[in-house]
Amino acid sequence: QVQLVESGGGLVQAGGSLRLSCAASGSIFSILAMGWYRQAPGKQRELVATVTTGGTTNYADSVKGRFTISRDNAKNTVVLQMNSLKAEDTAVYYCYAELYEGLVRRGYWGQGTQVTVSS
């Protein structure tokens, strides 16, 4: 079994910062990529940022220059540093991992953490 545990969500004022962390645990052979998605009320879930095995990062245009994703391979964690937060960043943020559980490759989702940005 593999679990993704998210932390760091909360309520902040516009212009503030939050740091989201996601830790993968269980029978993990290797992690190929990890990332963050978000879903606001009435909207589709969208990609925020991802980081691959080689350290290649990808960001949604709406967060470029404000968010930074990083990966700690030794701890099987991914961190999303969110700066200059805007009201439109308000959403439930979900951690995602593409990994090998033993010999089986599959994707896993975290349960989500609420981020609310107030004006």
Does atom [atom1] of [X] have more than 12 heavy-atom neighbours, drawn from other residues, nucleotides or ligands, at distances under 6.0 Å?
X    : atom1 : value
Q114 : CD    : yes
Q3   : CD    : no
Q44  : CD    : no

Closest non-hydrogen atom pair, [X] against [Y]:
X   : Y   : value
A97 : L4  : N-CD1, 3.8 Å
N76 : I28 : ND2-CD1, 4.0 Å
A91 : A40 : CB-N, 3.8 Å
D61 : K64 : OD1-NZ, 3.1 Å

Do [X] and [Y] have side chains that approach each other closer than 4.5 Å (heavy atoms only, starting at C-beta)?
X    : Y    : value
D89  : L18  : no
N58  : L47  : yes
L32  : R105 : yes
V117 : M82  : no
S118 : L11  : yes

request  = Identify, with sequence neighbours excluded, every residue that meets ring-ring contact (aromatic ring centres under 6.0 Å, His included) alongside Y96.
outcome  =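 If we apply the ring-ring contact (aromatic ring centres under 6.0 Å, His included) test to Y96, skipping adjacent residues, the hits are W109.
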Output the distance between atom [atom1] ([X]) and atom [atom2] ([Y]), rounded to the nearest 0.5 Å.
X    : Y    : atom1 : atom2 : answer
F67  : S17  : CZ    : OG    : 9.5 Å
L85  : R66  : CG    : CZ    : 6.5 Å
R19  : L80  : CZ    : CG    : 11.0 Å
E98  : M34  : CD    : CE    : 11.5 Å
L99  : T53  : CG    : OG1   : 12.5 Å
L103 : E101 : CG    : CD    : 10.5 Å

Under a 3.5 Å distance rule, please check whether [X] uses its side chain to pair with a backbone N or O of [Y] as donor and acceptor.
X   : Y   : result
Q1  : G26 : no
Y59 : I69 : yes
R71 : G55 : no
E6  : C95 : yes

message = Can you tell me which residue among V12, V92, L20 is in a side-chain contact (heavy atoms from CB on, under 4.5 Å) with V115?
response =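 For V115, the side-chain contact (heavy atoms from CB on, under 4.5 Å) check succeeds only for L20.
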inquiry  = Same cluster or not: Y93 versus Y37, using hydrophobic residues (I, L, V, M, F, W, Y) connected whenever any side-chain heavy atoms lie under 4.5 Å apart?
reply    =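 Cluster IDs for Y93 and Y37 differ.
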